Every structure is written in C-alpha cells, then in structure tokens.
Asks: 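What follows is a single structure, and I will ask about it in a moment.
All of these numbers come straight from a predicted model, not from anything done at the bench. Letters go in sequence order (proteins before strands), and every chain restarts at 1.
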Amino acid sequence: MPELPEAETIARSLSPHLVGRRIEAAAYPGQRVLRGKPAPDISGRQFVSIERFGKQLLLRLDGDTLILVKLGMTGALLLDAAPDAYTRAGFTLDSGSRLLFRDTRQFGSLNFLAGEPTGLGPDPFELSAAAFAQRLRAKQTRLKVTLLNQQFLRGLGNIYVDEALHRAGLHPLARASRLTAGRAEALHTAIVELLTHAIAERGSSISDYVDGSGARGNFQNFHRVYGREGQPCLHCGEPIVRLVVAQRGTHYCPACQTR
DNA sequence: TGCCATGTTAATGC
DNA sequence: TGCATTAACATGGC
C-alpha cells in the first residue's frame with residue numbers, strides 16, 4: 001500500500017510526536033508481526049529519529065537499536081488510535097501517547113536491526129540522472145519490473161511506477177537496457193518530480209492509507225493512469241489500457257507511451 | 001461467488 | 001543462465 005510518498009508522509013507526521021520520547025512498554029499481539037524472531041527489550045529506550053527508507057520506516061532508538069517497519073499492503077503506524085483486532089504492535093510512550101502498528105492483511109512486519117539496513121538500491125532523490133541511466137542500461141528486464149525492483153531503486157511501488165512511466169512517455173514493457181541515455185534521464189526527472197508532487201499532497205489514499213495522525217492523502221486526485229482503465233488519457237484522450245505485468249495491474253496510454 | 005487489492009519472495013516454466 | 005510467470009502469504013471490499 002504505502003510507497004515512498006506515503007512512507008515520507010508517515011515519518012513527517014510521527015516525528016514531532018516521537019522524537020525524544022521514551023518507550024515504557026511494547027507489546028506484539030499474536031507475535032506474527034515479528035516473523036519468528038525475538039524482540040529485544042526496548043523499554044526505557046528513547047526515539048532518536050523517524051526516517052523513511054524506501055517504502056519502509058526506520059525508527060531509530062538510542063543504544064543503536066533500529067526498528068525497520070515494513071508496511072506491506074495494509075500496514076499503518078498510528079498515534080493514539082483505538083486498538084482493534086488488527087493491531088499487531090503497541091508502544092506506550094512516556095508522553096502518555098501510544099503508537100500502534102495496525103495491519104489487516106499481515107504482510108507487514110517489524111524488524112529489529114543492530115546496524116544500518118542493507119540490500120536495497122539507491123533512494124531516487126539521492127541518485128543523479130546520469131547514475132540512474134547507467135543503472136538502467138545494465139537491466140535486461142522490462143521497465144515496469146525494473147522500477148518495481150527495490151534492489152534497483154528503493155521506494156517505487158505499483159502506483160508510482162505506472163504514473164512515472166506515463167509522465168515519461170514510456171511503455172511499461174519496454175526493455176530497460178534499450179532506452180537512450182536521454183530517455184533514461186528524462187525518466188529519472190519524471191520520477192523525482194512525481195514523488196515531490198506526491199509528497200506535497202501527502203501521498204495517495206486509494207483504499208485505506210492514512211498517515212500517523214489518521215489523515216488521508218490527496219495525490220490520488222492527480223493520478224493520470226493508475227485506476228483509470230477505459231477512461232481518456234488526460235494528454236491525448238485515448239482510453240487508458242490495463243494489462244498484467246508481473247502479476248501487477250499495469251495502466252498506461254497506448255498512444256502516449258511508446259515501446 | 002469470484003475477482004481485485006499501494007508488497008515480497010520462493011518455486012516453476014521457458 | 002536469465003527472465004517471466006505463478007503461487008503463496010491473509011483479509012476485506014465490491
């Protein structure tokens with residue numbers, strides 16, 4: 001559910017309420033959210049920072065403990081929400097507030113790390129257009145698959161991949177390595193501008209995404225292809241087509257997006 | 001009832 | 001070997 005703009009919005013909404021606060025107690029109802037791994041005792045620990053890492057959240061505690069929160073499809077971090085049957089973790093704070101991790105489908109997880117997270121590709125904002133183009137050149141996979149790959153680039157999910165490809169005028173099934181340098185750099189520009197706009201609108205709320213205070217995002221009103229199958233392309237009027245690529249619904253304009 | 005869903009990963013097929 | 005597809009995870013909405 002949450003992709004980079006949603007994770008960024010969650011981090012920004014939680015940060016002022018969490019940084020400097022101490023954890024008095026932690027609970028993990030059902031334990032599944034821990035994926036069989038033991039949770040260290042974090043009572044007494046203080047939040048140092050709340051950061052976005054790709055589409056995940058990184059909660060830094062003093063004493064060099066990190067909690068990497070994978071939101072999966074339906075995960076949410078909520079401050080002072082009422083616990084329900086889908087509450088998978090709860091942290092009681094010295095401020096009297098309570099941070100909950102709510103996750104209906106249970107694809108999300110909490111991961112306690114002793115060091116920096118590894119294994120994911122660069123952040124879109126920290127990569128130059130030239131470096132992005134160079135990485136693309138090495139990939140034989142289709143653009144849709146390449147951009148969804150978190151090892152290639154961290155933070156894009158199904159919505160923003162479709163939106164970025166439309167804005168760049170590129171077909172989702174085009175081979176990454178076949179793009180000219182100019183088109184590859186234009187794709188990077190489209191991604192950065194798209195994510196910047198989406199963050200400014202506090203992310204996309206399609207079904208149930210909300211930030212840490214329970215507020216919905218507004219960027220769904222700016223989607224040009226995602227969820228618009230059969231509706232006219234906002235650029236040329238041609239009906240938006242939906243196909244399935246890597247088992248993900250893929251939306252594009254057959255007239256504007258060339259292969 | 002059947003299909004769909006903002007994610008990730010293992011298994012299988014070509 | 002490399003890439004594409006399928007299945008699986010768990011649950012709710014339409």
Asks: I'd like the P distance from B:dT9 over to C:dT1, given in whole Å.
Replies: 22 Å
Asks: Take the protein atom CD1 of A:Ile206 and the nucleotide atom C1' of C:dG13, then report the distance between them rounded to whole Å.
Replies: 14 Å
Asks: Is the backbone of A:Pro232 close enough, under 3.5 Å, to the side chain of A:Arg228 for a donor and an acceptor to pair up by distance?
Replies: yes
Asks: Is A:Lys55 close enough to B:dT8 that one of its side-chain N or O atoms is under 4.0 Å from OP1 or OP2 there?
Replies: yes
Asks: Any donor and acceptor pair, going by atom type alone, linking the side chain of A:His17 with main-chain N or O of A:Ser95 inside 3.5 Å?
Replies: no
Asks: Does A:Arg142 have a side-chain nitrogen or oxygen under 4.0 Å from the phosphate oxygens OP1 or OP2 of C:dA4?
Replies: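 Checking C:dA4 against A:Arg142, a side-chain N or O does come within under 4.0 Å of OP1 or OP2.
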Asks: Could you identify which residues of residues 98-108 of chain A place a heavy atom less than 4.0 Å from some atom of DNA chain B, listed by residue number, or say none?
Replies: A:Arg105, A:Phe107
Asks: Measure CG/A:Asp162 against P/B:dG7 and give the value in whole Å, please.
Replies: 10 Å
Asks: Measuring from the side chain of A:Gln247 (C-beta onward, heavy atoms only), which nucleotide among B:dT9, B:dG7, B:dC4 has the closest atom?
Replies: B:dT9
Asks: If pairing requires Watson-Crick or G-U wobble contacts with both distances under 3.5 Å, which nucleotide is the partner of B:dC14?
Replies: C:dG2
Asks: Output yes when a side-chain donor or acceptor of A:Gln257 lies under 3.5 Å from a complementary backbone atom of A:Cys253, and no otherwise.
Replies: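 Yes, A:Gln257 side chain to A:Cys253 backbone: donor-acceptor pair under 3.5 Å.
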Asks: With a 4.0 Å cut-off on N to O distance, would you call A:Asp162 and A:Arg224 a salt bridge?
Replies: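 A salt bridge is absent here (no side-chain N lies under 4.0 Å from a carboxylate O).
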Asks: In whole Å, what is the span from the CG atom of A:Leu71 to the C1' atom of B:dA5?
Replies: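 In whole Å, B:dA5 C1' lies 16 Å from A:Leu71 CG.
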Asks: Send over the distance from A:Leu156 CG to B:dT8 P, rounded to a whole Å.
Replies: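 Interatomic distance, CG of A:Leu156 to P of B:dT8: 11 Å.
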Asks: Between the side chain of A:Asp211 and the main-chain N/O of A:Ser13, is any donor-acceptor distance below 3.5 Å?
Replies: no
Asks: Could you tell me how far apart A:Leu4 (CG) and B:dG7 (C1') are, to the nearest whole angstrom?
Replies: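 Going from A:Leu4 (CG) to B:dG7 (C1'), I get 15 Å.
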Asks: Please state how far atom CD in A:Gln150 lies from atom C1' in B:dT9, giving the value in whole angstrom units.
Replies: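 Between C1' of B:dT9 and CD of A:Gln150: 13 Å.
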Asks: Pick the closest DNA chain B nucleotide for A:Gln151 and for A:His251 by heavy atoms, then say which residue is nearer the 5' end.
Replies: A:His251
Asks: Does a side-chain N or O from A:Arg154 land closer than 4.0 Å to OP1 or OP2 of B:dT8, or not?
Replies: no
Asks: A:Lys70 pairs by side-chain contact (heavy atoms from CB on, under 4.5 Å) with which of A:Arg35, A:Lys55, A:Gln56?
Replies: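 One option only clears the test, and that one is A:Gln56.
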Asks: Do other residues, nucleotides or ligands put more than 12 heavy atoms under 6.0 Å from the CZ atom of A:Arg60?
Replies: yes
Asks: How many Å lie between CG on A:Asn111 and C1' on B:dT8, as a whole number?
Replies: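 Checked: the CG to C1' distance equals 12 Å.
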Asks: Hey, is the main chain of A:Gly157 close enough, under 3.5 Å, to the side chain of A:Glu3 for a donor-acceptor pair?
Replies: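 The answer is yes, because a donor-acceptor pair under 3.5 Å joins these two groups.
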Asks: Reckon A:Arg175 has a side-chain N or O less than 4.0 Å from the OP1 or OP2 of C:dG2?
Replies: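 Result: no.
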Asks: Distance check: side-chain N/O of A:Lys70 vs OP1/OP2 of B:dT8, anything under 4.0 Å?
Replies: no
Asks: How do A:Val244 and A:Arg88 order along DNA chain C: which one's closest nucleotide is nearer the 5' end?
Replies: A:Val244
Asks: Mind checking if A:Tyr226 touches a base, just sugar-phosphate, or nothing, with heavy atoms under 4.0 Å?
Replies: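 The residue A:Tyr226 makes sugar-phosphate contact but no base contact.
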Asks: When the distance from CZ of A:Phe152 to P of B:dG7 is rounded to whole Å, what number comes out?
Replies: 17 Å
Asks: May I ask you to verify if any side-chain N or O of A:Arg32 is less than 4.0 angstrom from the OP1 or OP2 atom of C:dA10?
Replies: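 The answer is yes; a side-chain N or O of A:Arg32 sits under 4.0 Å from OP1 or OP2.
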